[in-house]
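We use all heavy atoms of the structure for the numbers below, so side chains are in, but hydrogens, waters and symmetry mates are not.
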Amino acid sequence: MTYHPKSEFMDVMMTRGFLADCTDYQGLDDALNAGVVPGYIGFDATAKSLHVGSLIQIMMLRWLQKCGHRPIVLMGGGTTKVGDPSFRADERPLLAPEQIDANIAGIRQVFDKYLTFGGGATDALMVNNAEWLDNLNYLEFLRDIGRHFSINRMLAFESVKSRLDREQSLSFLEFNYMILQAYDFMELNRRYGCRLQMGGSDQWGNIVNGIDLTRRILDQEVFGLTSPLLTTSDGKKMGKSQSGAVWLNAEMLSPYEFWQFWRNTTDADVGRFLKLYTELPIEECDRLGALEGSDINEAKIRLANEVTTLCHGAQAAAAAEATAREVFEQGGVGDDLPTLALSATDIGDGISVVQLFVRSGLAKSGKEAKRLIADGGARLNDEPLRDAGLVLDAAALGAPVKLSAGKKRHALVTLG
C-alpha cells in the first residue's frame with residue numbers, strides 16, 4: 001500500500017526497505033508522533049552469538065532508539081526451552097538452562113555495540129522472558145490465557161500450515177510457542193508499556209496473536225510491524241557464507257572475515273544492503289549502488305567498512321581493509337588474516353596440506369580440500385597448489401604460510 005508517514009521512524013522503515021507489513025499504519029504512525037513508543041523484538045538464545053541473518057532486526061531496534069523511542073531486546077530464556085517452529089522442517093534441539101544463560105551473555109555483547117542501555121526514557125532494555133514463563137501455573141495459564149486462542153485460526157497461520165502441508169511432525173510443545181510469544185507481548189505491555197512488536201515476516205501470526213491477547217486482557221492498543229525475509233539477489237539465505245554462519249561476535253568470526261563477507265556482496269545487492277545495514281544517507285546509498293564495473297568495488301569496500309565499524313569498531317574495519325588491500329592488491333600476507341597457530345607437537349614429523357586447509361577453516365573436510373586442490377582453487381604462499389599429498393614439516397613452517405581457497409578466502413599457518 002502507499003502510505004506517507006509523518007513519524008521519523010516509519011519514514012526510515014519505509015524508505016530504507018525495512019517494512020514488509022504493519023497491523024495499523026496510521027495508528028502506529030500517530031503513536032510514534034505522540035510520544036516515546038517502547039518496541040521489542042524477541043531473540044531465542046540458541047547460540048552464543050547472533051549472526052548476520054538477525055542484523056536487520058538489530059538495525060530496526062537501533063533506528064527505533066535513534067528516532068527517539070525505546071528499544072526492548074527480549075531474550076527467550078523461557079521460549080528457547082520450547083523452540084520456535086516458524087518455517088522449520090524439524091524441532092530445535094532443547095538446551096539446558098546453563099547453556100541458555102551463557103548464550104544470552106554472549107548475545108548481550110552484540111547488542112552493547114548497537115544500542116545504548118540504561119534507565120532513561122529512550123534507553124534500551126534487555127529482558128528475559130524466563131522471568132514470567134518459568135513460574136507459570138499450567139492450569140491457571142490454560143484457564144486465563146489458553147481460552148483466548150482459536151485452534152482453527154492457529155492452524156491457518158503460514159508457519160504452521162507449511163509444516164502440516166509437508167506432512168512434517170509438529171509437536172504440541174512447539175504448537176504452544178505462539179501462545180507463549182503472545183503472552184510475552186502482553187507481559188511486556190503490562191510491565192514496560194511496550195506498544196510495538198517487530199520481527200521478520202515469518203512472525204506475522206505470532207505478532208497478531210499477541211496484539212489480540214493484549215487487547216482482550218489489558219484493553220491496550222498495540223501494534224505489529226514486520227520486515228521482509230531477506231535473501232541475496234542470487235536467492236541465498238542472508239547470513240550464510242561458504243564457510244558457515246556469519247557470526248556477529250568476534251570470538252566466533254574474526255572482524256576480517258566479517259569484513260570480507262560484506263566486501264564479497266553481489267553487485268546487485270550493494271545499494272539495498274547499504275540502506276539496511278548502514279546509516280549512510282539514502283542518496284549516498286543510491287549513488288554507491290548505481291556504480292558499475294570496477295567502480296562498484298569501492299562501494300563494496302564502503303559497505304564493508306560501515307557495517308564492520310558498527311559491529312566491531314572503526315579500528316577493526318580499518319585493519320580489515322588494510323589487510324585486504326595487502327593480500328589482494330599487493331600479494332602480501334596480511335597481519336589480520338585468520339590464523340592457525342600450531343605447536344611442534346601438532347606437526348610431529350610433518351602435517352599434510354589437506355589437514356591444514358581443514359584445520360584453518362578453508363575446507364570443511366579432507367575430501368573438500370582435495371577437490372579444491374584438484375580443481376586448481378588452492379594456493380600455497382600465492383603459488384598454485386597441485387599436490388594433495390604434500391606434507392609440511394617444522395622447517396617449512398618456520399615462516400608463516402599463507403593458504404588460499406579461491407581468490408577471496410585466505411588463512412595463515414604459524415608455528416608457535
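- Judged by the 6.0 Å distance and 45° axis criteria, Arg108 is positioned over the aromatic ring of Phe117.
- With rounding to the nearest 0.5 Å, the separation of NE2 in His148 from CG in Asp144 is 7.5 Å.
- Side-chain contact of Trp262 with Asn305: a donor-acceptor pair under 3.5 Å is absent, judged by distance alone.
- Paired with Lys300 under the rule salt bridge (Lys or Arg N to Asp or Glu O under 4.0 Å), one option of Asp269, Asp267, Asp295 passes, and it is Asp267.
- Taking CG of Leu188 as the reference point, atom CZ of Arg195 lies at 14.5 Å (rounded to 0.5 Å).
- No donor-acceptor distance shorter than 3.5 angstrom exists from the side chain of Asp375 to the backbone of Gly377, with no hydrogens or angles considered.
- Expressed to the nearest 0.5 Å, how far CZ of Phe357 lies from CZ of Arg409 amounts to 9.5 Å.
- For the pair Glu306 and Arg302, the salt-bridge criterion is met [side-chain N within less than 4.0 Å of a carboxylate O].
- Proximity of a side-chain donor or acceptor of Asn249 to a complementary backbone N or O of Gly106 within less than 3.5 Å is detected.
- Checking Ser7 against Asp29 by side-chain atom types alone, a donor-acceptor pair falls below 3.5 Å.
- Put simply, the side chain of His410 never gets that close to the backbone of Ser404: no donor and acceptor are under 3.5 Å apart.
- Atoms OH and CE, on Tyr277 and Met59 in that order, are 9.5 Å from each other to the nearest 0.5 Å.
- Between the side chains of Gln203 and Gln181, a donor-acceptor pair is found at a separation under 3.5 Å.
- Looking at Asp44 and Thr79, their side chains do bring a donor and an acceptor atom within 3.5 Å of each other.
- Side-chain atoms of Tyr183 and Leu136, non-hydrogen and from C-beta on, do get closer than 4.5 Å to each other.
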Trace of the side chain to side chain contact (heavy atoms under 4.5 Å, CB included) decision for Asn103 with Gln99: CA-CA 6 Å; Asn103 290 348; Gln99 183 61 59; 2.8 Å; yes
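- Separating the CD1 atom in Ile145 from the CD1 atom in Ile217 is a distance of 3.5 Å, to the nearest 0.5 Å.
- More than 12 heavy-atom neighbours from other residues, nucleotides or ligands sit within 6.0 angstrom of NZ on Lys6.
- A side-chain donor from one of Ser227 and Gln57 sits under 3.5 Å from a side-chain acceptor of the other.
- Using a cutoff of 4.0 Å between basic side-chain nitrogens and carboxylate oxygens, Lys66 and Glu279 are scored as salt-bridged.
- Annotation: Lys113, atom NZ; neighbour count of heavy atoms from other residues, nucleotides and ligands within 6.0 Å is above 12.
- Remark: aromatic rings of Phe185 and Tyr40 are close, center separation under 6.0 Å.
- Here Arg263 does not pair with Glu321 in a salt bridge; the nearest charged N to carboxylate O distance is not below 4.0 Å.
- Ile41 CD1 to Ile58 CD1: the interatomic distance, rounded to the nearest 0.5 Å, is 8.5 Å.
- Salt bridge absent: Glu283 and Arg287 never bring a charged side-chain N and a carboxylate O closer than 4.0 Å.
- Using a 4.0 Å cut-off between charged side-chain N and carboxylate O, Lys364 and Glu368 make no salt bridge.
- The shortest side-chain heavy-atom distance between Arg325 and Ile301 falls under the 4.5 Å cut-off.
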